[in-house]
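One structure below.
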Amino acid sequence: MKVAVLVFPGSNCDWDCVHAAEQTIEGAVVDRVWHTTDTLEGYDLIMIPGGFSYGDYLRSGAIARFAPVMQAVAKAAAEGVYVLGICNGFQILTEAGLLPGALRRNTGLKFRCHSSQLHVANADTAFTSGYAAGEVIDIPIAHGEGNYYCDDAVLEQLKARNQIVFTYTDNPNGSVADIAGVINEQGNVLGMMPHPERAVNSLLRNEDGIRLFTSIMKAWRERHAIVG
Amino acid sequence: MQSLAKTKAEQQSMEMAKAVIAKEPTPEQIAEERIYATMGVSDSEYEIICSLLGGRKPNYTEIGVFSVMWSEHCAYKNSKPLLRRFPTTGERVLVGPGEGAGIVDIGDGQAVCFKIESHNHPSAIEPFQGAATGVGGILRDIFSMGARPVALLNSLRFGQLSDERVRYLFEHVVEGIAGYGNCMGIPTVGGEVMFDASYEGNPLVNAMCVGLIDHKDIQSGVAKGIGNPVYYVGPPTGRDGIHGATFASEELTEESEAKRPAVQVGDPFMEKLVMESCLELIKSGIVIGIQDMGAAGLTCSSAEMASKAGNGLELNLDEIPQRERGMTPYEMMLSESQERMLFVIEEKNEPIAMEIFNRWGVICRQVGRVTDDGRLRLVFDGEVVADMPVKGLVDDCPVYDKPASEPAYYQANAAVDTTSYPAASDLNDALLRILGSPTVASKEWVYSQYDHMVGTNTSVSPGSDAAVVLVRGTRKALAMTTDCNGRYVYLDPNVGGKIAVAEAARNIVCSGAEPLAITDNLNFGSPEKPDNFWQMQQSVDGMAEACRHLSTPVIGGNVSLYNENTKGSIYPTPVVGMVGLVHDVDHITTQGFKQEGDIVLLLGATKAELGGSEFQLVMHGVTEGRPPAIDLDVESRLQRTVLESIQQGYVQSAHDLSEGGLAAAYAECCISGRTGATGNVSVEGLRSDIALFSESQSRVLLSIRPVHVEAVQAVCATYEVPVQQLGVVGGERIQLKVNGVSAIDVAREEAERAWKDAIPCLMR
């Protein structure tokens, strides 16, 4: 399985994503892909990591969406390639219109970094099949602008189409409907504020994120009818 | 190479600058009107400068350059004799004081690079940017050595949170640190915050950075190779931070607010790009010398790089990237615009460097050359505008041994009997009040604003004795902490200095690591006051002795003097930043109790020592008497006992006893472990409140599986460390008797609320 981890100027969770993918996805070949690249041909999973792309100046994710590589992401997403946007990656995906909604400043106006309990609201996706529906998992957050917003109509749609994948048990940032992560209609693009790549190591006392990566691997294998 | 032809805008800018230069004071005016004095240069220093220039009077640019180079901040002119008292060598020390940061071997060709630095005065005036650029500066010190920063820590001091201005400073300092570190993606993993009226108006903001480096990549800030080009990297130079180093070397006054322009403005995004591109440049193997532009910007970096090589340097100021129009040589040389670096390579390697910086979108421009004449020469519009001896700038600043005298308060305190306070009637209430005192209370409000997890190596997050960061790809880890109890240092600087080092080492050991070395940040009041200079001398002696005893040499640090407010000097606060090596990740230990039924052991002896304690301040509103005594031999035996027990795999949790004494530590072990505990402490002849809240040194609480208790007791016996079986982990209440009499009995949740809610409540 070939994995691309995008690197924008200011990305700072790129290596964490590389390490997590290498550790959790058996046989993964992981490349860091520079923001000026204009093709993502041949990749099975594209990860858009956390950080402060372009300093988060103007608005988080607002400049990154214009990077050449985002054209390639849109194309790959349309072709069904798995795309996982984490934190700043989620912000970029909403700015690029690949996911509905937007992320605003936390209601407390402070950056927050701590462990956070999530409900797996939809365990029937390529990213979450390894979890049980309704299971509570611990995936840490670290963001200043993680307050998910969408209007009522979009919210109803998200609910109706089962696009809300993770919700907070104790909403840390004011997100509408406690939303921590959403998936696109086609089910191949997931954006989430919490950091699963920070929860894959027993020495960091949290391994709840591992199953997110192994779920993707399983889905990919099924898609390509790989037995093993 | 850039085109020599100037654009019209550049020509205009040059004309503007020249018009300003024409109005600058002449050398004669500088002498007659003593303009140098406004830059912090004394009459006698001015005379020396003239003789260093061969009898010529310095022009405005030259006196400006000398004044910053000869400021306390850059020249350590008041503290150098004291700094020589520190032990700075050791088997593991690869780079000691004098470079951007010290470096210590951690085996396998790897090393750890770390340093602490203050940004006190800027933070007092403009807390967000002051603190943010403090973080930016210390990061550059680390990556300019070739090390990749892996962790940030800080040590903060504020006045009391009941004061509105203090809350403002606290809030924005924390936000500034968070804003910079989070954006850079370097986790802020630990530190300390203490509150005391003595810091009102002059908060302390000390930032520490820890980096990892392979021995082969270690860099030096040296301008070697006559004729080699010198390059400027980073954003253009603006007028911010002019005279920042001078500003840091004088007392804050009512007029300080007007010096807000002397505070720099940080751009962590730019720093991230500069860091990544510079680390890539270093990895390419072509760098001869590299140094960051910190205090005194272009002046200090160029002079120091030339000095280390025994060479000269010629800078063509026309080539300096400029953010503002009409900048004069004086302004360019004294600006402390952030995120800038200077490096030297061979000319033939320029394309390699340019490819890297172009890819990262970072400005890189050749601005000068290494010369063989030992001069720092500045050329502007084809004319030499300053010509000074490098050695004179770097080495010839006079060093002062200031008069020191024992302050009256020190003698007066000898007579104070800290056991004579009326006994506390309600010990539960006393414990809750101490847990709720901002100095002891949970700092979650602070560290939850810091991304302490990015990098996915933070094994022990803020809130335990020391933070622990894994060394990827190995079984090793690094433990790190910052410590200093300024109250102890104030009451007895020698003892307080020893305790600062000892406590840092104890924290490191409790985390399962072997202490390696320290970096220190000496925060004191004005050295012009004999009382203060005595405090400096005494505490440096105490620290040096402890460093020798605990085999933790000083590998670098920073001095911040003139920390004064309208009421006087701050408490002397020589902050110790220590790093230790965890030899195997299995040794990593935290403070929280782990399992019901585990046995709690108290190591060390408890005496009647309330001087400078949290209990004394919270319950009696004073800081007086003598601080707890410390015997470095006892301390070192205690630490060996704890480390050996951990390394043998006997220890479930370890926590050192510090502010708030046994009762606070015991409660913290329960709160962190989300469990209760029951126990009894036997201390013959001590009143219960003294037994519980005394801050006697060299004590640690361990929790041990019952099967290992005898083994730990045997280790204690080997090192002659007193040990008593204090209690058992379990239940939902924190219970502790003293000599068989019930003393503490509170619900764990109640204690947790008092401890956790204190700072959020005060900040609401």
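Below, chains carry the letters A, B, ... as their sequence lines are ordered, and counting in each starts from 1.
Using a 4.0 Å cut-off between a side-chain N of Lys or Arg and a carboxylate O of Asp or Glu, Arg198(A) and Asp451(B) qualify as a salt bridge.
With a 4.5 Å cut-off on side-chain heavy atoms, Gln449(B) and His114(A) do not count as touching. Residues Arg205(A) and Ser459(B) are in side-chain contact: their nearest non-hydrogen atoms beyond the backbone lie under 4.5 Å apart. Between Arg359(B) and Trp34(A), the closest side-chain pair of non-hydrogen atoms falls below 4.5 Å. With contacts defined as side-chain heavy-atom distances shorter than 4.5 Å, the pair Met453(B)/Pro140(A) qualifies. For the pair Tyr447(B) and Cys113(A), the minimum side-chain heavy-atom distance is 4.5 Å or more.
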Exercise. Can Asn182(B) and Asn12(A) be said to form a side chain to side chain contact (heavy atoms under 4.5 Å, CB included), step by step?
Worked result: CA-CA 9 Å; Asn182(B) 295 352; Asn12(A) 63 32; over 6 Å; no

For this session: Step by step, work out the side chain to side chain contact (heavy atoms under 4.5 Å, CB included) result for Leu204(A) and Asn457(B).
Result: CA-CA 7 Å; Leu204(A) 307 187; Asn457(B) 287 315; 5.7 Å; no

For this session: Could you give me the CA-CA distance, side-chain angles and deciding distance for Tyr57(A) and Asp267(B), then say whether side chain to side chain contact (heavy atoms under 4.5 Å, CB included) is met?
Result: CA-CA 11 Å; Tyr57(A) 294 136; Asp267(B) 178 354; 2.5 Å; yes

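Interface remark: Ser115(A) contributes backbone atoms only to the contact with chain B (heavy atom separation under 4.5 Å). For Met270(B), no part lies under 4.5 angstrom from a heavy atom of chain A. Heavy atoms closer than 4.5 Å to chain B are found nowhere in Thr36(A), neither backbone nor side chain. Ser448(B) touches chain A through backbone and side chain together, each having a heavy atom under 4.5 Å away. Interface remark: Asn201(A) contributes side-chain atoms only to the contact with chain B (heavy atom separation under 4.5 Å). For Glu175(B), the part lying under 4.5 angstrom from a heavy atom of chain A is the side chain only. With a threshold of 4.5 angstrom between heavy atoms, Arg472(B) approaches chain A through side-chain atoms but not through N, CA, C or O. With a 4.5 Å cut-off on non-hydrogen atoms, Glu271(B) does not touch chain A at all.
Between chain B and the residues Ala20(A), Cys13(A), Pro9(A), Ala142(A), the most heavy-atom pairs under 4.5 angstrom are made by Pro9(A). Most heavy-atom pairs under 4.5 Å with chain A, from the set Pro268(B), Ser461(B), Gly185(B), Ala477(B): that is Gly185(B). Put simply, of Ala178(B), Gly361(B), Gly455(B), the one with the most heavy-atom pairs under 4.5 Å next to chain A is Gly455(B).
Between Phe269(B) and Tyr54(A), the ring-plane angle classifies as tilted under the 30° and 60° cut-offs.
Residue Ser11(A) holds its OG atom at 10.0 Å from CD of Glu276(B), rounded to the nearest 0.5 Å.
Counted within 6.0 Å of CD on Glu749(B), heavy atoms from surrounding residues, nucleotides or ligands total 12 or fewer; the atom is thus considered open. Open room surrounds CD on Gln71(A); 12 or fewer heavy atoms of other groups in view lie less than 6.0 Å from it. Within 6.0 Å of the CD atom in Glu355(B), the count of heavy atoms belonging to other residues, nucleotides or ligands exceeds 12.
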